[in-house]
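Supplied in structure tokens, the structure appears directly below.
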Number of protein chains: 4
Amino acid sequence: MNERGRATRDRLLAATRDVVRDVGYSRATTRAIARAADVTEGTIYRHFPDKTTMFFAAALGPHNEMLTQFADLPDLAGTNTLAENLTTALIRLAQLREDILPLELAILTDPELATGRTAARLDAVSLATGGPPERLAEYLRSEQRLGRLRADADPQLVARTLLSLLFALSLEPSAADADGGRPDPALIGSAVDLVVRGLAP
Amino acid sequence: MNERGRATRDRLLAATRDVVRDVGYSRATTRAIARAADVTEGTIYRHFPDKTTMFFAAALGPHNEMLTQFADLPDLAGTNTLAENLTTALIRLAQLREDILPLELAILTDPELATGRTAARLDAVSLATGGPPERLAEYLRSEQRLGRLRADADPQLVARTLLSLLFALSLEPSAADADGGRPDPALIGSAVDLVVRGLAP
Amino acid sequence: MNERGRATRDRLLAATRDVVRDVGYSRATTRAIARAADVTEGTIYRHFPDKTTMFFAAALGPHNEMLTQFADLPDLAGTNTLAENLTTALIRLAQLREDILPLELAILTDPELATGRTAARLDAVSLATGGPPERLAEYLRSEQRLGRLRADADPQLVARTLLSLLFALSLEPSAADADGGRPDPALIGSAVDLVVRGLAP
Amino acid sequence: MNERGRATRDRLLAATRDVVRDVGYSRATTRAIARAADVTEGTIYRHFPDKTTMFFAAALGPHNEMLTQFADLPDLAGTNTLAENLTTALIRLAQLREDILPLELAILTDPELATGRTAARLDAVSLATGGPPERLAEYLRSEQRLGRLRADADPQLVARTLLSLLFALSLEPSAADADGGRPDPALIGSAVDLVVRGLAP
DNA sequence: GATGAATGAGAATTCATTCAT
DNA sequence: AATGAATGAATTCTCATTCAT
């Protein structure tokens, strides 16, 4: 694949994210995506074997960024406050996630996407689980070792709870509807506070 | 509408819930639902003006049950423990919600469903918001007055957080996948505990 | 058939004419007609073997009136002026015809209606041809005998021309659109004048 | 659109005209037309946004020819006889119109086609009115100026009458049924004669 | 005589995908 | 590498008609 090909491919992936965000997964047709990427429909199939694969590929980019972002979270243990670190990390995560949330939902909702032949790809992407939960738990364990988190809390459970919370808040058709950006940072802060409160040693 | 008609209508609503649960919203076609209800497709349109209306009607039943269930939550203030009351209520809610979760998601995800002419119906149903959040907040306020919840907590925010949490946990393709019932009661308990911990006065 | 039945039948025929006039032949569904007649769809089939038969029956009434109206046209020969007699007769015809014009058109347009098993019924009704042309020709022949019409005119051709003209003018989406009544009497008068002019002996 | 596409589009338009002529507007389904054009139904929608648009497009071709034909009618003023010029023009018009007559009727008959969003297209096509009536009136005015038409005749009214007459004669399921071609030239000639007779100065 | 439910055959339209160029 | 045309299966919805009550 030469440079022109790669550029087209990237445009298709960006178009996929844009269209899905704008009109929802079910109305994100190959026609709409091709149009948004300024190519014809046939071109899609030169770059991806089918529509589903393209969707997963479109999600992969932001997902990798999410992984990268979280990679150094454990290093922050001991610095700032617990609430500060968590809030910052989750807000960043929410922003990155915004692009691919509709796709995550589609996968979660659609039994066929969540199983069968797509299972492998799903695993590779590990959207809901995978990286972030692990890094977050690791960070919490470090804080626990430092005595900044009560000893009887289960880091894994806490991590999972925080991420679930973030996920749900991102979905809410809440106040922040206006500016298009879904999750309201202030709301995230409040929610994190609530949880962190019970984590003090 | 005579008894036979009413029976058919009910069968259609049940079939809608079943099919949506089994194959997801996007594959829940009129054909599949009619087949599941053992009628022909045309029959659907004798009972509902269109597919969307039928979906909302299918969600309405369980949703009303949810409202009923939560109606007397405020009365429990002062009895048992905070964690017990909340956990019980949320587990019950999760069970009732199970049936209509895919539809809630579809509404949340699909820009067209979430707006326009469906807005009125959505409001009437008040799926995500409405009844439960209010009742829950009311209950928390009562507990606050009784001194069983720290005074500086915002009942509305806490209620919202708990429900968001429940929502996210219900979505997780977690362990409980096997028995079909999505949300693991034990998990809900743990999560509630985590939040309640920080609510002690 | 008792009185109740006859009343229902008449209501169905009137409803057929009304609905066809309002929404056109293709949208005049059994459902719409039944609704307009305030009965259920099933009732239609107690009175008519099928929809087509009902339509023909609906056209028959006004058509018979048309025949009656024209019956004594020949007697007018020698009275008034040629133009007066013709104009009056054609305006009356246009009014009666208004109700069933959409149906006539449907028959004219639809090859299946115009042939086959409906042919017999069509003939019985003899919508386009039949009575009026004959009576009109007869009247013209009488006037010819009285010397009020030039001798070398073919009464049959003149009759046909006048009726065709009326038919086309009735179809025009002309000025008279406002009051619902299609054919503008003044326009009919002018057109008749034009033809009559050439008929003077 | 390349040549293959253009060919398909043309085949679709011809098929539309053929099918409508053969089975009538109401039975001219996308399926039948696609079959007649030897493509699948989906192909229709690559060329036209919907069925109605295709019908209007199918009518546009012959209609434009009609306009062209009539364009130089005014120049004939003073040549031949009045009756000859009119008869020739109307016979030619009838032939061109034959193809699209069922569609004109459908538009005239169907309230929905005759209004709303189709109004613009209707206007563009100006089926019943527009070009021909104007050209015809212009021609008659010229003849009037030349003294070949009586001075007190209203050219516009005469034009309208002649065209209405032609329209109605074209609809008659008359003798000429056999050869498929609807309007009998001889009949047109006779009718024109009748009118022209009264137009002599 | 009338109802109301149900049918089943089709209608227009959409869409992921294939293929010749 | 990309285009543009075409496919064919599926989708929602309509409608004349039948039938049990």
Side-chain angles (χ1 to χ4, degrees), chain A residues 1-9 26-34 37-52 54, chain B residues 1-9 26-34 37-52 54, chain C residues 1-9 26-34 37-52 54, chain D residues 1-9 26-34 37-52 54:
Chain A
M1 183 157 54
N2 61 22
E3 199 181 338
R4 183 187 172 204
R6 197 151 40 249
T8 302
R9 195 189 130 99
S26 66
R27 261 179 281 287
T29 63
T30 49
R31 177 190 253 247
I33 292 166
D38 214 42
V39 295
T40 55
E41 286 182 69
T43 301
I44 289 174
Y45 295 87
R46 183 150 305 270
H47 293 277
F48 308 98
D50 54 32
K51 196 192 163 196
T52 305
M54 180 169 66
Chain B
M1 181 154 55
N2 60 24
E3 202 182 335
R4 186 181 169 211
R6 202 149 38 246
T8 303
R9 196 189 129 99
S26 66
R27 260 181 281 287
T29 63
T30 49
R31 176 192 256 250
I33 292 166
D38 211 40
V39 294
T40 55
E41 283 184 67
T43 298
I44 288 175
Y45 296 89
R46 186 153 297 273
H47 292 277
F48 307 98
D50 54 32
K51 196 190 162 197
T52 306
M54 181 168 66
Chain C
M1 183 155 57
N2 59 23
E3 199 182 339
R4 184 186 172 202
R6 197 150 40 248
T8 303
R9 196 188 128 98
S26 67
R27 261 179 281 288
T29 63
T30 50
R31 180 190 250 247
I33 292 166
D38 213 42
V39 296
T40 55
E41 285 183 69
T43 300
I44 289 174
Y45 294 88
R46 184 151 304 269
H47 292 277
F48 307 98
D50 56 31
K51 196 191 164 198
T52 305
M54 181 168 65
Chain D
M1 183 152 57
N2 59 25
E3 200 183 337
R4 185 183 172 208
R6 200 150 37 247
T8 302
R9 197 189 127 98
S26 67
R27 261 181 279 289
T29 64
T30 50
R31 178 191 255 249
I33 292 166
D38 212 42
V39 295
T40 56
E41 285 184 66
T43 299
I44 288 174
Y45 296 89
R46 186 152 298 273
H47 292 277
F48 307 98
D50 53 32
K51 195 191 161 197
T52 305
M54 181 169 64

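Just so it is clear, the structure is predicted and the values come from calculations on it, not from any experiment. In what follows, every chain begins at residue 1, and chains take the letters A, B, ... in the order their sequences are listed.
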Handout entry: B:Y45, nearest nucleotide to its side chain (from F:dT12, E:dG1, E:dT17)
Key = F:dT12
Practice task
Go through F:dC13, F:dA16, F:dA5 for me and flag the one nearest to the D:T8 side chain.
Solution key: F:dA5
When you compare the protein's N or O atoms with those of nucleotides 19-21 of chain E, which come within less than 3.5 Å of each other, and at what distance?
none

Practice task
Specify the separation, in whole Å, of atom CG of B:D50 and atom C1' of F:dT11.
Solution key: 14 Å
Practice task
Answer with base, sugar-phosphate or nothing: what part of the nucleic acid does D:T30 contact at a heavy-atom distance below 4.0 Å?
Solution key: base
Fill in the blank from the handout: Rounded to whole Å, CG of A:D38 lies from C1' of F:dA1 at a distance of 15 Å
Practice task
With rounding to the nearest 0.5 Å, note down the distance linking NZ in C:K51 to CD1 in C:I44.
Solution key: 9.0 Å
Exercise for the section: Give one of base, sugar-phosphate or nothing for C:T40, where a contact means two heavy atoms less than 4.0 Å apart. Expected result: base
Problem - Distance in angstrom units between C:E41 CD and F:dC15 C1', rounded - result: 8 Å
Exercise for the section: Specify the separation, in whole Å, of atom CD1 of A:I44 and atom P of E:dC15. Expected result: 13 Å
Exercise for the section: Tell me which nucleotide among E:dA6, F:dT3, F:dA5 gets nearest to the side chain of B:H47. Expected result: E:dA6
Practice task
Name all residues meeting the salt bridge (Lys or Arg N to Asp or Glu O under 4.0 Å) criterion together with C:R27; count only those two or more places apart in sequence or in a different chain, and write none if there are none.
Solution key: D:D110, D:E112
Practice task
Note the angle between the end axes of the helix from E:dA2-F:dT21 to E:dT21-F:dA2, five pairs defining each, rounded to 10 degrees.
Solution key: 20°
Practice task
Decide side chain to side chain contact (heavy atoms under 4.5 Å, CB included) for D:I33 and D:M54; before the verdict, give the C-alpha distance in whole Å, the side-chain angles of both, and the deciding distance to 0.1 Å.
Solution key: CA-CA 11 Å; D:I33 292 166; D:M54 181 169 64; 4.0 Å; yes
Practice task
Round to a whole Å and report the spacing from CE of C:M54 to P of F:dT17.
Solution key: 9 Å
Problem - Nearest-nucleotide pick for B:T43, side chain only, options being E:dT7, E:dT3, F:dT17 - result: E:dT7
Handout entry: Protein-nucleotide distance (B:R31, atom CZ; E:dT7, atom P), rounded to Å
Key = 15 Å
Exercise for the section: In whole angstrom, give the distance that lies between atom CG of D:N2 and atom C1' of F:dA6. Expected result: 11 Å
